[in-house]
Amino acid sequence: MHGATASTACHSMTSTTTSFNIDSEYRIDALCEMVLGMSEYQQAGGSITTTPTVKTASKYRKAVIRKLELLKDTRFSHWRHEFLVLTLSYASERRLLYLEHSWDGTGLGERIPVTLSSLVGSQKGSADQAMFYKPNDPHEDQRRRCTMTVLEIQFSDHPAHSPVTLHSIARILMQMGTKHTAYALFSANCWAWSRGLAMAIAIESGSNVETVTMTGRDVTLHQLKVYLLTEYGAFGGLLLRCIEKGRQDLRWHEYCALRCVCFIYGFVGLGLWFKHVISGPFNWTLRVKELCIHEDRTTDTNGQDHTYNVLPPDLTDLVPTLPGTSTHLLGYHFCGPSKYLYVLAPPIAASGARVTSVHIFLYGTVELEPGQEQSVSVTGSTLNRMEWFRCAILRQTRDGRLIEVSEPACFPLSVQFRGESGRRSYGAVHVMEHHHPLTLELRQGDLIAIWALGRAGYIHKPAGAWIKVVTNQKLSFLDWLLAMNVARTIAGLIIYPRGHTWPEIVGKYYHELKYLFIEIPWCLNTLCNDWLWSAISMVASHLLATVTPLQLPEDDGDEHPVEISLSNFIEQLLSPNGGKGSPFCRATICSISLGQADIDLFKIIVLLVTLDNVKYYVHIRHPKDEESLWHHLITFLWSYHGLLHDTVAIYRPGKMQRAAWEALDIDFTAELSDNDIIASQNILSVALHLRDLRNNYWRSFWLNENWHWPISFVKAMMKCAGETVCVHLQCDEEPLQMDKWEQTNILLGDKFGWKDAEGRIYGNRMKDDVLFLLLSARARFLIWPIILISSFLHVYYHF
């Protein structure tokens, strides 16, 4: 014990003293009884368990609280133990009062023994203690050396209302509850008691608060409240009160459910810490909260104004992740009318790693302001062209300020609307690959900010956002060692069965697979993290495309193209929800062009189509060397098609379209005759051909040698176009008029890989098919390794 003799401390802990000693240590319930007096103590819900001798309140109940400090114990870095220090004065006396909820039997300031019980258990006799120190007490100085200041509240010396006194603190302690029988090192109990108490004092004494300081800067009282609720804060206090006080008021299954929530809350926090240590940080942020963003203000769904305040706590903020920069200090700097800081990713942890991609998901709704419904006619294309979100990087300067990084890392985020009238919902999936300006600009410690924007006449209601920063760690010696061990273990399991009985084989497999279940996820997280999130984004984008109609450039003045992935283009035209009844499906095809970009990186298909006498240019882009890259060859393991990087851009005639056309090196153009255009030769038929090609992509890819889908698609479309086409080759000055398909096929037969466009037809001669499959087709890269491994295992097991 510090600051008092053992006899005095023990005497005071029994709650039977006749006077209040301001230099002693007390249980909190005993402190409240002495400060309040027996009568008020019982009225506040306190129970007298011993013979009462304290009938009148202590004179120190009028001691004025000058300052409140929330300190964190730093001796155990991931033990979130915190306690309060109150600076109080009475007459000429000045004291420091430590209020602490701790492990029973250790004494104030002593280290909790790290045992199995303390790590995973919950003590049934925790201690709520109060200790008084004199200023400059060496024991108090020693305690402070092992702490850091989380926040500090300075109360006014000349309050406008009643000052904050020890009596008011005692009443708050009684309201919070003075006995808590559960305590666990890694649960909410460990820190929520102190934070809950700090927030209760701040709320009840708000009129007397002079300054609030956090991390060396002044904040408002509102920001303090939000911070205490979000940075693994007073939410745990609510759990604690429900758990401890609910035993009498709740049914047994409700009580057990709350205990389970509290345990899971602490367990998740410990798991996240282990994940951070073993395989790096999450770099993941989720916001699920609906707001109403008007042109001149921002409110929540209840009408409370948040124009200059950050979002109130969300359920997702209560997950105990490692705390970073508090977003609640940024309100007036980065929020304002029609621009609200909706989500802010915590500082990027990318030390020793390379940022490979950033994945952003957005959803919400937009509706017209009341009174605008009859006077404004709005289409989906009009809303799509508006800017509803903006993304940028926030970077910390040397003096601690956050500044917005300018272009090119600041850019709008487009969304796609669905619905024809009323409240229109939208969604968006954005993947910024390693070559995107945002990804290139990200540095260690940067924050990614997304602002939701308002527009005149509209109410923008963002409902959710998700940011994931994917980093690839450099392969360390441990990674290589682990990968080699995984390979050795798998090889050993393959070879082991020879000469062993089935019980021995099962026992060996059970023993080794236990370790593989840990080692393989490590290797996948190190080597394939980017692929996993790319697959998640692709699935999310695909699902969004099935319910979102295809949007077109609306008029001649709208020169910016509509750009989407090829797979989404197919879904938006063919899905029952998105493409059914789309006018663009009946747009007729006037010409088909095949070429490549001047930089020789993309194969381009250009379709000139007309819809109601309006021309559109559909550019389908395919990475030219995609099929030769090794990572494309293994994509078939998790994707049913290989069109992952193919995109579609739809232009209206104009400067941007001419610039895109002039940048192409056209191999040939086939103009379809007006007389021979049949009903099937429209954009709908294009989508059907592309869907069949996508569904059979890997079959055609592996069973052929030089098959490329752009040539195959163009040939299939021209074959169905009718008898008469006008073919304009790049080397010819005049177009050639072809009256029969056979003439066109012969003309293009030895050019552009035309002969291989339809692929090999199997089934005519079995011997030739087998030889082609083993010696020429791309499938040989799969077949021969399987044959060699199978032969080796056959020889090993049988000879």
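For I789, the side-chain contact (heavy atoms from CB on, under 4.5 Å) test picks out L793, with sequence neighbours left out. With sequence neighbours left out, the side-chain hydrogen bond (donor to acceptor under 3.5 Å, both in side chains) criterion links R621 to no other residue. Judged as a side-chain contact (heavy atoms from CB on, under 4.5 Å), and not counting sequence neighbours, the contacts of W784 are L774, R780, I787. Listed by chain and residue number, R694 satisfy the side-chain hydrogen bond (donor to acceptor under 3.5 Å, both in side chains) test with S567 (two or more places apart in sequence, or in another chain).
For CD1 of I761, the number of neighbouring non-hydrogen atoms (other residues, nucleotides, ligands) closer than 6.0 Å is 12 at most.
Separating the CD1 atom in I650 from the CD1 atom in I564 is a distance of 5.5 Å, to the nearest 0.5 Å. Within the model, atoms CD1 of I448 and CG of D446 stand 8.5 Å from one another, a figure rounded to the nearest 0.5 Å. Here the straight-line distance linking atom CD1 of I467 with atom CZ of F361 works out to 11.0 Å at 0.5 Å rounding. Atom CE of M432 is separated from atom OG1 of T356 by 12.5 Å, given to the nearest 0.5 angstrom. Going from atom CG of L438 over to atom CD of E433 covers 12.0 Å, rounded to the nearest 0.5 Å. Rounding to the nearest 0.5 angstrom, the gap separating the CG atom in L608 from the OH atom in Y617 is 5.0 Å.
Salt-bridge annotation for R778 and E705: absent, with no side-chain N of the basic residue lying under 4.0 Å from a carboxylate O of the acidic one. The pair D667-K603 meets the salt-bridge criterion, since a charged nitrogen lies less than 4.0 angstrom from a carboxylate oxygen.
Side-chain N or O atoms of N682 include one that pairs as donor or acceptor with a backbone N or O of S685 at under 3.5 Å.
Annotation: salt bridge (Lys or Arg N to Asp or Glu O under 4.0 Å) contacts involving residues 760-772, sequence neighbours excluded, comprise R760-D769, R765-D768. Each salt bridge (Lys or Arg N to Asp or Glu O under 4.0 Å) pair with one or both residues in residues 584-593, not counting sequence neighbours, appears once here: R586-D612.
Side-chain contact between R652 and Q657: absent, with no pair of heavy atoms (C-beta onward) separated by less than 4.5 Å. Side-chain contact between W709 and D646 is present, with at least one heavy-atom pair separated by less than 4.5 Å. Here the side chains of V609 and K615 are not in contact, with every heavy-atom distance at 4.5 Å or above. Contact check for N384 versus S414: no side-chain heavy atoms found under the 4.5 Å cut-off.
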message: If you apply the rule side chain to side chain donor-acceptor pair (under 3.5 Å), what do you find for S591 with T669, and how did you get there?
response: CA-CA 7 Å; S591 69; T669 299; over 6 Å; no

task: In sequence, state the C-alpha distance, the side-chain angles, and the governing distance for F411 and H436, and then conclude on ring pair (Phe, Tyr, Trp, His ring centres under 6.0 Å).
output: CA-CA 11 Å; F411 56 93; H436 192 277; 5.0 Å; yes

- request: Verify ring pair (Phe, Tyr, Trp, His ring centres under 6.0 Å) between Y697 and W707, making sure each step is shown before the conclusion.
  value: CA-CA 10 Å; Y697 179 87; W707 177 87; 5.6 Å; yes

message: I'd like to know whether H622 forms a ring pair (Phe, Tyr, Trp, His ring centres under 6.0 Å) with F602, so could you lay out the CA-CA distance, the side-chain angles of the two residues, the decisive distance to 0.1 Å, and finally the verdict.
response: CA-CA 5 Å; H622 169 69; F602 294 95; 8.7 Å; no

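Minimum interatomic distance between W661 and S593 (heavy atoms only, all atoms of both residues): CH2-OG, 3.7 Å.
Checked by atom type, the side-chain pair S357/H359 shows a donor-acceptor distance below 3.5 Å. Under 3.5 Å, the side chains of T647 and S565 contain no donor-acceptor pair of N or O atoms.
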